[in-house]
K.L.:
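Quick one: structure below, then a few questions.
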Amino acid sequence: MRVRTRTWFGFVVLASLLFLAASRVALFGPLEDGALTVAAPIESGLRNATRPVAEFINNITDINLLSNENQALRDENERLIAENARLSEAEQELQQLQGFMNLRGVAEGETFIRADVFAVEPSNSQQLIAIDRGSAHGIRQEMLVLTQQGSVVGTISRVLEHAAWVTLVTDQTSAIGALIQESRAQGVVVGSPDGTLTMDLVRETADIKAGDLVLTSGLSGQHPPNEVIGEVVDIQRTPQQLFQEVRVEPLADLSRLETVLVLSSFVPLDTGSP
Amino acid sequence: MNYAIGLLVVLVAVIAQIAIMPAFNVFGVQPNFVIVLLVGWMAARGRREALVLIPIAGFVHGLLDSQPLGLAMLALAPLTLMTDIRELRLVDSDLLPAIVLTVAATVVYESTIMVSLSMRGEPIAWLASVTSVLVPAAIANALLLIPVYGLIRIASLDLRERPALR
């Protein structure tokens, strides 16, 4: 190996470490904020322009998946129609529809910051999105981010002045205290490297079935309670295990987010500031 | 080479990586256009230009991604050592070593991000990451390299034929 290459490698590594050290004290915060602010409209334009092409290609490559999904949706539709027919009272029917249609009201005192998604973390090891609102707009670390329909997207993990990064609920570093709406069984919803959601630490005796809604429990003080995370799609029970493993599907397609709402009225326990 | 062209290509590649590539899902992962471009550039145009472009790509990447500034540069740094492998000419082809280098660079890049996360106290599912991130990403990038390498080769011929651009 050439000495010059090794010297250059050493130089690049040294420069990287210096940048890393500087970023720990947010020395380059304004530079990163400026770069993201300048790049945001370009990235948004590119995302919008290429979305139809990407969807077309993905649909071709995912043809088997789509076929299976279509069948699953037909089955689900049939089940819902049968279930709906059994509902006799108008109030019960309304509640059921609210759950399945993912409608969410706005409680008194709740405030939101609307933000557009303009970028996605390029590494496959993490699942984050960038939004065009930052500390200058009132965004704070650990705030909960929702879709426009009201289901959980993730939490704010990094805040710049005019932009912020959101760690998606499906990211492998994400963990949210949760409960099953119907049985009130509690657990923790965690992400994974392949983007699937699992609810862990659910008592083996808890009565859970596919289609149950999973909500935030609010027990940790990090997230507000009763926000919809997703619905149960599969349950793994092993007789010898203390806990059952519940697979959860997010209600929203987190790979196609365009606009999100940041719940700004809830102050996570640790941050202390609104 | 006109380094301005290289710089422009790298800048476009980083923006494309962050804005466009997440929409293209191959084997459950997004291909890393920046790694592929750097390896393709190295294979088609030689180590000298690649050595300059690698840290620049890392720096610009770091400015626009969610990781701390410097991490992308660190994750791409081993590519500088890999430039020597290309010069060894172990086989009579530029493309085959480039495919191997793409796989190696992808594994190093994603592993560096995961090690960094782990050092920051984040839980990492290592085994699941190998099967659902490292292996698919390496294959996706290797597949993307083939057309990218071809395009760089064609563009390089054009540049040589037009001295005014050199």
Side-chain angles (χ1 to χ4, degrees), chain A residues 1-2 4-6 8-9 11-13 15-24 27-28 31-32 34-36 39 42-47 49-51 53-55 57-58 61-62 118-126 128-130 157-158 165 167 172-173 175 190 192-195 255-256, chain B residues 14-26 28-30 32-34 47 51 54-55 58-78 80-81 83-84 87 109-111 113-114 116-117 122-125 128-134 136-137 140:
Chain A
M1 193 163 288
R2 296 183 195 189
R4 230 181 73 186
T5 309
R6 274 183 290 174
W8 188 246
F9 171 71
F11 167 75
V12 175
V13 169
S16 310
L17 295 176
L18 285 174
F19 283 129
L20 277 169
S23 69
R24 280 189 71 86
L27 201 63
F28 291 104
L31 184 64
E32 289 179 82
L36 275 176
I42 304 169
E43 290 176 2
S44 288
L46 279 172
R47 269 168 66 88
T50 54
R51 185 170 288 122
V53 181
E55 282 180 4
I57 293 171
N58 288 338
T61 54
D62 292 346
F118 70 88
V120 177
E121 161 62 28
S123 158
N124 287 298
S125 307
Q126 278 211 283
L128 296 97
I129 53 171
S157 53
R158 190 173 179 213
W165 285 95
T167 299
Q172 63 176 320
T173 64
V190 293
S192 66
D194 63 1
S255 66
R256 288 177 168 82
Chain B
V14 173
I15 290 176
Q17 175 63 42
I18 289 166
I20 301 172
M21 294 315 279
F24 293 90
N25 200 315
V26 184
V29 295
Q30 45 170 316
N32 193 316
F33 188 51
V34 176
R47 62 189 288 277
L51 281 175
I54 290 164
F59 181 74
V60 178
H61 206 294
L63 281 178
L64 297 177
D65 70 12
S66 71
Q67 309 296 339
L69 185 65
L71 188 59
M73 194 194 266
L74 187 66
L76 290 174
T80 57
L81 294 177
T83 56
D84 275 354
E87 304 297 311
Y109 181 86
E110 297 289 353
S111 302
I113 304 287
M114 285 191 282
S116 152
L117 281 170
E122 301 288 359
I124 298 293
S129 294
V130 170
T131 54
S132 58
V133 173
L134 291 187

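Predicted model only: the values in this text are computed from it and were never measured. Residue numbering restarts at 1 for every chain, and letters A, B, ... go by the order of the sequence lines.
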K.L.:
Heavy-atom distances under 4.5 Å only: say whether B/L117 touches chain A with side chain, backbone, both or neither.
P.N.:
side chain
K.L.:
Looking at chain B, which one of A/S255, A/P193, A/G195, A/A35 has the largest number of heavy-atom pairs inside 4.5 Å, strictly under?
P.N.:
A/P193
K.L.:
What part of B/Y109 gets closer than 4.5 Å to chain A, counting heavy atoms only: side chain, backbone, both or neither?
P.N.:
side chain
K.L.:
Quick one: of B/L51, B/N32, B/V14, B/V29, who has the most non-hydrogen atom pairs under 4.5 Å with chain A?
P.N.:
B/L51
K.L.:
Do the side-chain N and O atoms of A/T5 and B/R47 include a donor-acceptor pair separated by under 3.5 angstrom?
P.N.:
yes
K.L.:
Under 4.5 Å heavy-atom distance to chain A, tell me which part of B/L64 shows up: side chain, backbone, both or neither.
P.N.:
both
K.L.:
Among A/V190, A/V13, A/I42, A/L18, who wins on heavy-atom pairs under 4.5 Å with chain B?
P.N.:
A/V13
K.L.:
Under 4.5 Å from any heavy atom of chain B, what part of A/L128 do you find: side chain, backbone, both or neither?
P.N.:
side chain
K.L.:
At a heavy-atom separation under 4.5 Å, does A/S192 approach chain B through its side chain, its backbone, both, or neither?
P.N.:
neither
K.L.:
Taking side chain as C-beta onward, heavy atoms only, is B/L71 less than 4.5 Å from A/L20?
P.N.:
yes
K.L.:
Rounded to the nearest 0.5 Å, what separation is found between the CD1 atom of A/I129 and the CD1 atom of B/I18?
P.N.:
14.0 Å
K.L.:
Looking at B/A16, B/P78, B/G28, B/G58, which one has more heavy-atom pairs under 4.5 Å with chain A than the rest?
P.N.:
B/P78
K.L.:
What residues form a side-chain contact (heavy atoms from CB on, under 4.5 Å) with A/R256, not counting sequence neighbours?
P.N.:
A/E55, A/D253
K.L.:
What pair of heavy atoms forms the shortest contact from B/D65 to A/E121, and how long is it?
P.N.:
CB-OE1, 3.6 Å
K.L.:
Between atom CG of A/D194 and atom OG1 of B/T131, what is the distance when rounded to the nearest 0.5 Å?
P.N.:
7.5 Å
K.L.:
Is the backbone of B/L63 close enough, under 3.5 Å, to the side chain of A/E32 for a donor and an acceptor to pair up by distance?
P.N.:
no
K.L.:
Please look at B/S66 and chain A and tell me whether the side chain, the backbone, both or neither of the residue comes under 4.5 angstrom of a heavy atom of that chain.
P.N.:
both
K.L.:
Taking side chain as everything from C-beta outward and backbone as N, CA, C, O, which of these in A/F28 sits under 4.5 Å from a heavy atom of chain B? Side chain, backbone, both or neither.
P.N.:
side chain
K.L.:
Identify which of B/I113, B/I20, B/I15, B/L76 forms the greatest number of heavy-atom pairs closer than 4.5 Å to chain A.
P.N.:
B/I20
K.L.:
Counting only non-hydrogen atoms closer than 4.5 Å, does A/A130 touch chain B with its backbone (N, CA, C, O), its side chain (CB onward), both, or neither?
P.N.:
neither
K.L.:
How close do B/A19 and A/R47 get, counting heavy atoms only, and between which atoms?
P.N.:
O-CG, 2.8 Å
K.L.:
Could you tell me the separation between the CG atom of B/L81 and the CH2 atom of A/W8, rounded to the nearest 0.5 Å?
P.N.:
13.0 Å
K.L.:
Could you check whether any side-chain heavy atom of A/F11 comes within less than 4.5 Å of a side-chain heavy atom of B/P55, counting everything from C-beta outward?
P.N.:
no
K.L.:
Heavy-atom cut-off 4.5 Å, strictly under: side chain, backbone, both or neither for A/S16 against chain B?
P.N.:
both
K.L.:
Hey, which of B/M114, B/Q30, B/M21, B/H61 has the most heavy atom pairs under 4.5 Å with chain A?
P.N.:
B/Q30
K.L.:
For chain A, which candidate among B/T80, B/V133, B/L69 shows the most heavy-atom pairs at distances under 4.5 Å?
P.N.:
B/L69
K.L.:
Are A/V12 and B/M73 packed together at the side-chain level, in the sense that at least one heavy-atom pair is separated by less than 4.5 angstrom?
P.N.:
yes
K.L.:
Regarding A/S123 and B/Q67, is there a side-chain donor-to-acceptor distance under 3.5 Å anywhere?
P.N.:
no
K.L.:
Would you mind reporting whether A/Q172 and B/P123 have side-chain heavy atoms less than 4.5 Å apart?
P.N.:
no
